[in-house]
2 protein chains.
Amino acid sequence: MAGRTPVRIPPPHSRAPENPAPACAPGKVALLRSACSTCNLRELCLPCCNLTRAELELANRLAFNRTHIRRGESLFRTDDRFTSLYAVRKGFFKSAVLLRDGRRDQVTGFSMAGEVLGMDGIDTARHTCNAIALEDSDVCAIPFAGLQKLARDIPSLQRQFQRMMSREIVREQGVLLLLSQMTADERLAVFLLNLSQRFAAHGGSPSKFNLRMTREEIGSYLGLSLETVSRTLSKLREEELIGVQQKFIRILDHAGLKRLIGR
Amino acid sequence: MAGRTPVRIPPPHSRAPENPAPACAPGKVALLRSACSTCNLRELCLPCCNLTRAELELANRLAFNRTHIRRGESLFRTDDRFTSLYAVRKGFFKSAVLLRDGRRDQVTGFSMAGEVLGMDGIDTARHTCNAIALEDSDVCAIPFAGLQKLARDIPSLQRQFQRMMSREIVREQGVLLLLSQMTADERLAVFLLNLSQRFAAHGGSPSKFNLRMTREEIGSYLGLSLETVSRTLSKLREEELIGVQQKFIRILDHAGLKRLIGR
DNA sequence: CGCGCCTTTGAAGGAGCTCAATTTAGGTGG
DNA sequence: CCACCTAAATTGAGCTCCTTCAAAGGCGCG
């Protein structure tokens with residue numbers, strides 16, 4: 001649902017390092033940044049281009065609709081009317097769809113602070129998955145109609161938005177590779193390295209972090225049973241590539257994990 | 001890369017039936033349609049809204065850049081500079097990425113007439129996969145810069161474009177489900193039903209068609225070995241759900257295939 | 001403190017993979 | 001027109017990795 005992917009390796013999520021947003025013209029953007037200062041969504045909200053003061057005001061108002069979501073609650077559910085994109089400011093979400101049988105559900109992605117949720121709803125104007133908070137979270141609701149209108153006047157915003165969607169398409173292709181070709185070891189290695197990278201991208205530690213999701217949710221996402229996830233984590237620990245204590249993970253041998261993936 | 005997905009079932013490709021493009025105002029659109037009369041890309045090219053004559057002229061010029069691609073040749077390759085989207089007018093393409101080892105490649109999608117290719121390149125301005133013609137094909141290159149400029153003036157085009165990208169995101173989620181949860185039988189059933197639907201959507205027969213790709217390419221796409229694809233097709237034939245003669249497929253029991261998928 | 005959920009670990013079974021041999025189709029040249 | 005050649009498809013056999021079923025241990029929360 002949200003997240004980032006580099007071009008070559010197929011990780012579940014990660015930032016594409018190419019084409020960083022152009023450097024900000026500091027004076028003009030300062031105003032907006034102060035409004036969204038704690039929001040990591042600069043990429044979308046702050047195209048960092050030649051915005052007029054009026055445009056900035058507009059953008060500022062646009063992104064100001066903040067909400068708190070408690071752990072276990074849903075941000076939106078399948079078939080909900082699509083009205084906004086959601087920038088995660090704090091917390092952690094899973095996206096999942098109900099399977100045909102209706103009992104189990106399939107996790108399609110995880111979203112953390114600085115990432116955008118809800119793009120699935122643009123096509124049909126209804127969401128196609130449930131977005132559920134895995135911990136107490138804050139989101140910034142971005143009214144889609146307003147975003148569109150604004151984007152019409154600010155070409156760079158328009159462009160950023162399209163890039164974000166394209167990146168999501170490429171990300172999912174990465175997951176596709178992951179699911180169709182990799183062994184359990186490789187999947188977990190990719191998963192952990194990607195999480196590490198994303199936590200680091202938003203001020204966390206790349207080598208120590210708490211998993212917000214259960215083994216079952218990891219398994220659902222990676223196409224493995226929860227037992228296989230657990231066993232594989234234990235195996236990686238025995239090989240001293242990682243440390244595992246329940247949900248607390250330490251990356252002990254970053255290079256070793258990369259080697260495991262195959263390059 | 002291109003293709004369509006309904007919301008619930010997770011097929012590799014299919015059209016979302018909801019939210020059809022609004023009915024055309026026949027008089028105004030006739031002009032454009034004649035220019036792109038044989039092009040099935042009305043959804044993108046012809047937003048069917050209140051276009052001025054000048055806008056129509058512009059759109060007309062925009063989509064006029066047609067090319068022939070011979071079987072086996074590539075429309076674009078990984079890392080190629082991204083300049084255009086491609087509407088398939090005739091023929092059949094596969095999209096694939098080279099795997100890390102560099103030897104095998106992973107098929108990420110198939111595109112047929114009436115579908116759009118190349119959205120992967122929007123983010124980084126370079127393509128992330130190879131698009132290769134599986135038969136002699138015609139495409140309509142849509143310069144992206146021009147499309148963007150045009151979309152700025154025609155909100156409905158803008159909207160159509162975003163919906164197309166969103167649909168691609170949802171489609172890939174469907175493939176994700178397919179790969180992580182389904183058995184070989186189910187994958188093939190989904191694959192064949194989806195092809196059937198898409199061929200039918202563009203004037204072909206829903207019950208008889210020639211596969212354009214090899215068993216290996218199907219397997220790569222579905223996350224199965226080519227042997228398993230072959231074996232599974234034979235099994236479906238024994239159960240009299242389909243007819244198989246090499247690449248020629250007949251759907252004998254549409255309902256039976258659907259039942260196989262699980263609803 | 002006890003209950004429920006999550007996790008870990010073991011053992012058995014199965015779906016699909018790999019390796020290998022054979023058949024078929026389609027294209028090429030004599 | 002036929003023989004040949006190569007690529008694709010089919011089918012078999014054994015094996016492997018992962019799943020399922022089962023049981024026990026750990027952590028957090030009321």
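Every heavy atom of this structure was used, including side-chain atoms; hydrogens, water molecules and symmetry mates were not.
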At less than 4.0 Å, is any side-chain N or O atom of A:Ser234 found next to OP1 or OP2 of C:dT9? Yes or no. yes
Do the side-chain N or O atoms of B:Arg215 get closer than 4.0 angstrom to the phosphate oxygens (OP1, OP2) of C:dA25? no
With sequence neighbours excluded, what pairs up with B:Glu227 under the side-chain contact (heavy atoms from CB on, under 4.5 Å) test? B:Ser225, B:Arg231
Can you name the residues that form a side-chain contact (heavy atoms from CB on, under 4.5 Å) with B:Glu239, not counting sequence neighbours? B:Lys235, B:Leu236, B:Leu241
Using whole Å, report how far CG of B:Leu188 lies from C1' of D:dA9. 14 Å
Starting at atom CZ of A:Arg71, determine the distance to atom C1' of C:dC6, rounded to an integer number of angstrom. 11 Å
Centroid separation B:Tyr86 to B:Phe76 less than 6.0 Å: yes
Any B:Ser74 side-chain heavy atom under 4.5 Å of B:Asn130 side chain: no
Rounded to 10 degrees, the angle between the two terminal axes of the helix from C:dC1-D:dG30 to C:dG30-D:dC1, each from five pairs: 40°
Qualifying residue for salt bridge (charged side-chain N to carboxylate O under 4.0 Å, His left out) with B:Glu135, from B:Arg212, B:Arg71, B:Lys247, B:Lys94: B:Arg212
Short N/O separations, protein against nucleotides 17-22 of chain C, under 3.5 angstrom:
| residue | atom | partner | partner atom | Å |
| --- | --- | --- | --- | --- |
| C:dC17 | OP1 | B:Ser225 | N | 3.1 |
| C:dC17 | OP2 | B:Ser225 | N | 3.2 |
| C:dC17 | OP2 | B:Ser225 | OG | 2.9 |
| C:dC17 | OP2 | B:Thr228 | OG1 | 2.3 |
| C:dT18 | O4 | B:Arg231 | NH2 | 3.0 |
| C:dC19 | N4 | B:Glu227 | OE2 | 3.1 |

Of D:dA9, C:dT7, C:dG16, the nucleotide closest to the side chain of A:Gln246 is C:dT7
May I have the distance from B:Met182 (atom CE) to C:dG16 (atom C1'), rounded to whole angstrom? 17 Å
With sequence neighbours left out, what residues match A:Gln245 under side-chain contact (heavy atoms from CB on, under 4.5 Å)? A:Phe248, A:Arg250
Whole angstrom is fine here: how far is it from CD1 in B:Ile249 over to P in D:dA8? 17 Å
Test applied, side-chain hydrogen bond (donor to acceptor under 3.5 Å, both in side chains); reference residue, B:Asp138; option that passes from B:His68, B:Arg89, B:Arg66: B:His68
For a quick test of reading the model: is some side-chain N or O of B:Thr214 closer than 4.0 Å to OP1 or OP2 of D:dA7? no
Is A:Lys247 near enough to C:dC6 that one of its side-chain N or O atoms lies under 4.0 angstrom from OP1 or OP2? no
Whole Å only: how far is the CG atom of A:Asn210 from the P atom of D:dC27? 14 Å
Specify the separation, in whole Å, of atom CD of B:Gln245 and atom C1' of C:dT23. 15 Å
Could you check how far CG of B:Leu222 sits from P of C:dA15, rounded to whole Å? 18 Å
Could you tell me whether the side chain of A:Thr78 reaches within less than 4.5 Å of the side chain of A:Arg126, counting heavy atoms only? no
Expressed in angstrom and rounded to an integer, what is the separation of B:Glu216 atom CD from D:dA9 atom C1'? 12 Å
Restricting to ring pair (Phe, Tyr, Trp, His ring centres under 6.0 Å), what partner residues turn up for B:Phe82, sequence neighbours left out? B:His127, B:Phe144
